[in-house]
Chemist: 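Here it is: the structure, laid out below.
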Amino acid sequence: MEAEPMILDVPPKLPDTPTRFMDQLRALIRSRNLAYKTEQTYCHWIKRFIRFHDMQHPSACSAKEVEQFLSHLAVQRNNSVSTQRTALNAIVFLFREFLEQPLEELSFEMARKPQRLPTVFTHDEAKAVISHLKGSPQLVARLMYGSGLRINEALRLRVKDVDFGMQQIIVRSGGFGVRSPVDDGF
């Protein structure tokens, strides 16, 4: 007998009068008509906050405990800025909206944005990669490299969008055309 697949995007039914902490929190989130994904995310971060403080009830926690958790995410867990911000939003919702205990000014270690240098091929490297392609993929790659087209722009091209006389390609998006010159060097 096969088990039924679990549907994860349908909120589970809550009791009519929730008594458990997380059920009460979920009921509040649903009463505010927040998205189910927001409910899942907030519940996840609130559970992690509670576990981080050895299952201590959040009403017994203060801004100091919130700062410890958020700093832990940045320093020990090396989470991204957006992850830390999501956790902060969930915890602020918990304290301000659910527990009705607004947090005072928080002072915690912020996650750092990693400095990313873009990877850019030299002209010779691009030619070497493109030379290994064959057929339509090579044509698309050459069009993208030579004219600066994005993937979807290149894939949506039609024959009538190429003007050989003016060496231009008309890129259509949103109902208007933009002309993109074609690089002769490729």
Side-chain angles (χ1 to χ4, degrees), residues 1-121 137 140 144 148-156 171-176 178:
M1 188 166 153
E2 244 180 83
E4 288 186 37
M6 194 169 161
I7 300 173
L8 299 175
D9 60 344
V10 177
K13 185 169 176 5
L14 293 175
D16 292 333
T17 54
T19 55
R20 294 175 33 197
F21 178 80
M22 290 307 287
D23 288 342
Q24 291 174 348
L25 176 66
R26 282 190 165 93
L28 175 69
I29 292 171
R30 291 180 191 178
S31 73
R32 301 283 169 92
N33 290 322
L34 297 178
Y36 180 54
K37 186 66 180 164
T38 303
E39 176 185 326
Q40 289 176 313
T41 303
Y42 279 15
C43 289
H44 167 81
W45 283 111
I46 291 166
K47 285 177 188 175
R48 285 192 52 181
F49 174 73
I50 293 169
R51 287 184 191 123
F52 180 78
H53 289 293
D54 300 321
M55 305 303 282
Q56 182 179 3
H57 195 280
S59 62
C61 296
S62 66
K64 185 181 111 189
E65 282 85 2
V66 173
E67 291 169 354
Q68 288 173 345
F69 177 67
L70 295 171
S71 294
H72 167 78
L73 292 178
V75 178
Q76 277 82 30
R77 302 288 300 173
N78 200 24
N79 287 125
S80 70
V81 175
S82 63
T83 300
Q84 187 184 38
R85 194 171 293 135
T86 302
L88 172 64
N89 288 338
I91 293 168
V92 167
F93 180 85
L94 170 70
F95 278 88
R96 186 172 34 197
E97 305 296 327
F98 183 70
L99 298 173
E100 296 178 348
Q101 299 174 340
L103 292 168
E104 58 215 41
E105 188 73 26
L106 295 174
S107 175
F108 56 91
E109 184 78 27
M110 287 293 295
R112 292 187 181 86
K113 288 184 181 178
Q115 286 190 338
R116 291 189 183 157
L117 295 174
T119 303
V120 180
F121 286 160
V140 172
M144 289 172 57
L149 292 175
R150 295 182 181 96
I151 294 172
N152 283 335
E153 292 170 343
L155 295 176
R156 288 186 183 127
V171 180
R172 299 180 191 279
S173 59
F176 60 92
V178 177

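For the numbers below, each heavy atom of this structure counts, side chains included, while hydrogens, waters and symmetry mates do not.
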Chemist: Could you check whether the rings of F52 and H72 sit parallel, tilted or perpendicular, using 30° and 60° as the cut-offs?
Modeler: tilted
Chemist: Looking at residues at least two apart in the chain, or sitting in another chain, which of them share a side-chain contact (heavy atoms from CB on, under 4.5 Å) with V92?
Modeler: L88, R96, L103
Chemist: So, for E109 and A74, which heavy atoms are closest and what is the spacing to 0.1 Å?
Modeler: O-CB, 3.4 Å
Chemist: Is R30 close to P11 at the side-chain level, that is, under 4.5 Å between some pair of heavy atoms?
Modeler: yes
Chemist: Specify the closest pair of heavy atoms between L99 and S59, including all atoms of both residues, with the distance to one decimal.
Modeler: CD1-N, 3.9 Å
Chemist: Write down the atom of I46, the atom of A90, and the distance for their closest heavy-atom approach.
Modeler: CD1-O, 3.8 Å
Chemist: Hey, does Y36 have a side-chain heavy atom less than 4.5 Å from the side chain of P12?
Modeler: yes
Chemist: Judged by atom type as modelled, is there a donor-acceptor pair below 3.5 Å linking the side chain of Q84 to the main-chain atoms of V81?
Modeler: no
Chemist: Can you find a side-chain donor-acceptor pair between Q68 and S71 that sits under 3.5 Å?
Modeler: no
Chemist: Look only at the side chain of E153 and the backbone of V171, and say whether a donor-acceptor pair between them is shorter than 3.5 Å.
Modeler: no
Chemist: Please report the closest heavy-atom contact between F49 and E65, naming both atoms and the distance.
Modeler: CE1-O, 3.8 Å
Chemist: For the CG atom of L106 and the CD atom of E104, what is their distance to the nearest 0.5 Å?
Modeler: 7.5 Å
Chemist: State the CZ-CG distance between R20 and L14, to the nearest 0.5 angstrom.
Modeler: 10.0 Å
Chemist: What distance do R32 atom CZ and F98 atom CZ have between them, rounded to the nearest 0.5 Å?
Modeler: 11.0 Å
Chemist: What is the distance from atom CZ of R77 to atom CG of L70, rounded to the nearest 0.5 Å?
Modeler: 14.0 Å
Chemist: Is any side-chain heavy atom of W45 closer than 4.5 Å to a side-chain heavy atom of T83?
Modeler: yes
Chemist: Taking all heavy atoms of P18 and all of D23, pick out the closest pair and write down the distance.
Modeler: CB-CB, 3.6 Å
Chemist: Go through it in stages, so that I can follow the logic: the residues are M144 and I151, the test is side-chain contact (heavy atoms from CB on, under 4.5 Å), and I'd like the CA-CA distance, side-chain angles, deciding distance and then a yes or no.
Modeler: CA-CA 7 Å; M144 289 172 57; I151 294 172; 3.4 Å; yes
Chemist: Using side-chain contact (heavy atoms from CB on, under 4.5 Å) as the criterion, list what pairs up with Q56, not counting sequence neighbours.
Modeler: H53, A60, C61
Chemist: Just how far is it from atom CE of M55 to atom NZ of K47, taken to the nearest 0.5 Å?
Modeler: 10.0 Å
Chemist: If you take all heavy atoms of E100 and E97, which pair is closest and at what distance?
Modeler: CG-O, 3.8 Å
Chemist: Where does the angle between the aromatic ring planes of Y42 and F93 fall among parallel (under 30°), tilted (30 to 60°) and perpendicular (over 60°)?
Modeler: tilted
Chemist: Can you tell me how far CD of Q101 sits from OG of S62, rounded to the nearest 0.5 angstrom?
Modeler: 9.5 Å
